[in-house]
Amino acid sequence: MNAHLSFEDGWKVLEQGIVTCSKILEGSTGTRPTVAEYMNCYDCAYRMAVQTTSYCEEMYNGYKATLAESVRVLVLPHLMHKRDDDLLRQLLKMWSNYCIMVKCVSGFFSYLNRCFVEQRKLPCLEDSAATSFFSTVFSFFNHEVAEALLTLIRQERDGRKVDMDLLMGIMHGICRSEVKPSMKKAVLQDTYAYYSRKSSEWIVQYPLQDYLAKVQDTVEKETMKLMHYLCISEADSSELCLKVVSAPLMQTYDSYAAEKQIGGQLLLQTYKTVEDDLLARCNRLTIDSGSDNSSVSYME
């Protein structure tokens, strides 16, 4: 049986392996560990995991911290002084390189992923790595990255040509990380604000019957869009769309119809099915229709 391996001695070997792999972040794919180095790192991690004094938790935390430090040192400088699409393109490039690096590094800890992570019901190594990347990036460029992503989403809604590979490549990475809740909240708030503005335009642009039909069509389209943007199920997306798309559109409809004293019975003659469906679904929402800040409650 091999002698006990201290965490300090073992981690020096693993950390050097991670440092070697981190050069991939700058596009240097020829600096991957040799087969012998790779097997040495794997054996080291395996021994520290299965020996009497196990260091699984220490390795898991060290893995996350070392990756985050690699991002701080090697990724953040490439994002400095960049804005909008240029920032996102550079971010996607670094994220793509990082994914190659992580595939290599996580191989060292594959036993940890199969046993310790699964038993503790922790995020897998790949998802933890995504958190190390995006949490570090967002700690320095939260506003810049979020606003650039939201701008692309608004442009896509307006029918403008958008680089969807750029948008979805970053959004899918974010959705693997613990940054997802904050980005999801930002997307939903921006969606609510967007359709609040659109409702004011559409209510005077279209006859009420056409307005109702447009609401239904928009909710259906946005259900699919949010499902892809946020990597959520269609059912969850549909529920969110009631709150951030249908709600602001129907609130404007109700206010306009009341202001103009338009009889609902006349509209229902031809659009009863559409209106009943939308109003019934909106009535199930928990948003406080009497509050000016109703766009916030659904985010909590």
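Basis for what follows: all heavy atoms, side chains included, without hydrogens, waters or symmetry-related copies.
Using a distance-only test at 3.5 Å, with no hydrogens or angles considered, a donor-acceptor pair links the side chain of Ser237 to the main chain of Met227. Ser22 contributes a side-chain N or O that, together with a main-chain N or O of Val19, makes up a donor-acceptor pair within less than 3.5 Å.
If you look at Tyr55 and Trp11, their ring centroids are not closer than 6.0 Å. Ring centroid separation for the pair Phe133 and Tyr98 comes in under the 6.0 Å cut-off.
Taken to the nearest 0.5 Å, the OG atom of Ser128 stands 9.0 Å off from the CG atom of Asn61. Taken to the nearest 0.5 Å, the OH atom of Tyr195 stands 8.0 Å off from the SG atom of Cys241. Rounded to the nearest 0.5 Å, atoms OG1 (Thr252) and CZ (Arg197) are 12.5 Å apart. In this structure, CE on Met168 lies 7.0 Å from NE2 on His228, to the nearest 0.5 angstrom.
Follow the hydrophobic side-chain contacts under 4.5 Å out from Phe140 and you reach Ile170 in the same cluster. Under the 4.5 Å side-chain contact rule for hydrophobic residues, Met101 and Val73 share a cluster. By the rule that hydrophobic residues join a cluster once side-chain heavy atoms approach within less than 4.5 Å of another member, Leu88 and Met164 end up as members of one cluster. If you chain together hydrophobic residues whose side chains sit under 4.5 Å apart, Val102 and Leu74 fall into the same group. When hydrophobic clusters are built by joining Ile, Leu, Val, Met, Phe, Trp and Tyr residues whose side-chain heavy atoms come closer than 4.5 Å, directly or via intermediates, Leu152 is grouped together with Leu79.
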Begin from the C-alpha positions of Gln205 and Tyr211 and carry the test side-chain contact (heavy atoms from CB on, under 4.5 Å) through to its verdict.
CA-CA 8 Å; Gln205 183 178 356; Tyr211 180 90; over 6 Å; no

Go through it in stages, so that I can follow the logic: the residues are Arg89 and Lys82, the test is side-chain contact (heavy atoms from CB on, under 4.5 Å), and I'd like the CA-CA distance, side-chain angles, deciding distance and then a yes or no.
CA-CA 10 Å; Arg89 277 191 287 270; Lys82 289 184 169 54; over 6 Å; no

Test log, rule side-chain contact (heavy atoms from CB on, under 4.5 Å), inputs Val245 and Tyr192:
CA-CA 6 Å; Val245 180; Tyr192 189 99; over 6 Å; no

Using the rule given for salt bridge (charged side-chain N to carboxylate O under 4.0 Å, His left out), can you reason through Asp210 versus Lys214, listing the C-alpha separation, both sets of side-chain angles and the distance that settles it, and then say yes or no?
CA-CA 6 Å; Asp210 293 343; Lys214 190 168 184 64; over 6 Å; no

Show your working on side-chain contact (heavy atoms from CB on, under 4.5 Å) between Leu149 and Ile174 and close with a plain yes or no.
CA-CA 11 Å; Leu149 290 169; Ile174 289 173; 3.7 Å; yes

Please step through ring-ring contact (aromatic ring centres under 6.0 Å, His included) for the pair Phe108 and Tyr42, ending with a clear verdict.
CA-CA 4 Å; Phe108 303 160; Tyr42 176 87; 9.0 Å; no

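Between Val137 and Asn142 the shortest side-chain heavy-atom distance does not fall below 4.5 Å. Residues Asp85 and Asp163 have side chains not in contact (no heavy-atom distance under 4.5 Å, counting atoms from C-beta outward). Side-chain atoms of Thr131 and Arg176, non-hydrogen and from C-beta on, never get closer than 4.5 Å to each other. Between Ser132 and Val71, the closest side-chain pair of non-hydrogen atoms is not below 4.5 Å. A heavy-atom distance below 4.5 Å is found between the side chains of Thr136 and Leu76. Within the 4.5 Å cutoff, the side chain of Asp84 has no heavy atoms near those of the Glu144 side chain. In this structure the side chain of Thr52 never reaches within 4.5 angstrom of the side chain of His4, judged on heavy atoms. Taking 4.5 Å as the limit, some side-chain heavy atom of Lys180 sits within range of a side-chain heavy atom of Ile232.
Between Trp95 and Phe134, the two ring planes are tilted [angle within 30° to 60°]. Using the six-membered ring where Trp is involved, Trp202 and Tyr206 have ring planes that are perpendicular, over 60° apart on the 30 and 60° scheme.
Contact record, Leu5 with Cys44: CD2-SG, 3.7 Å, taken as the closest heavy-atom pair. Across all non-hydrogen atoms, the minimal contact from Leu25 to Met94 is O-CE, 3.2 Å. Looking at every heavy atom in both residues, Val105 comes nearest to Cys21 through CG2-CB, 3.6 Å.
For the pair Arg157 and Tyr194, the cation-pi criterion (under 6.0 Å, within 45° of the ring axis) is fulfilled.
Between Lys198 and Glu201, at least one side-chain N (NZ, or NE/NH1/NH2) sits under 4.0 Å from a carboxylate O, which counts as a salt bridge. Using a 4.0 Å cut-off between charged nitrogen and carboxylate oxygen, Arg154 and Glu147 count as a salt-bridge pair. Using a cut-off of 4.0 Å between Lys/Arg side-chain N and Asp/Glu carboxylate O, Glu239 and Lys243 are scored as salt-bridged.
Residue Val13 belongs to no hydrophobic cluster, having no ILVMFWY side-chain heavy atom closer than 4.5 Å to its own.
Contacts classified as side-chain hydrogen bond (donor to acceptor under 3.5 Å, both in side chains) and involving residues 63-81 (residues at least two apart or in different chains) are given here: Glu69-Arg72.
Every residue meeting the side chain to side chain donor-acceptor pair (under 3.5 Å) condition with Ser233, not counting sequence neighbours, appears here in chain and number order: Asp236.
More than 12 heavy atoms of other residues, nucleotides or ligands shown are found within 6.0 angstrom of CD on Glu126.
The side-chain hydrogen bond (donor to acceptor under 3.5 Å, both in side chains) test with Tyr229 singles out one residue from Glu156, Glu222, His172, and that residue is Glu156.
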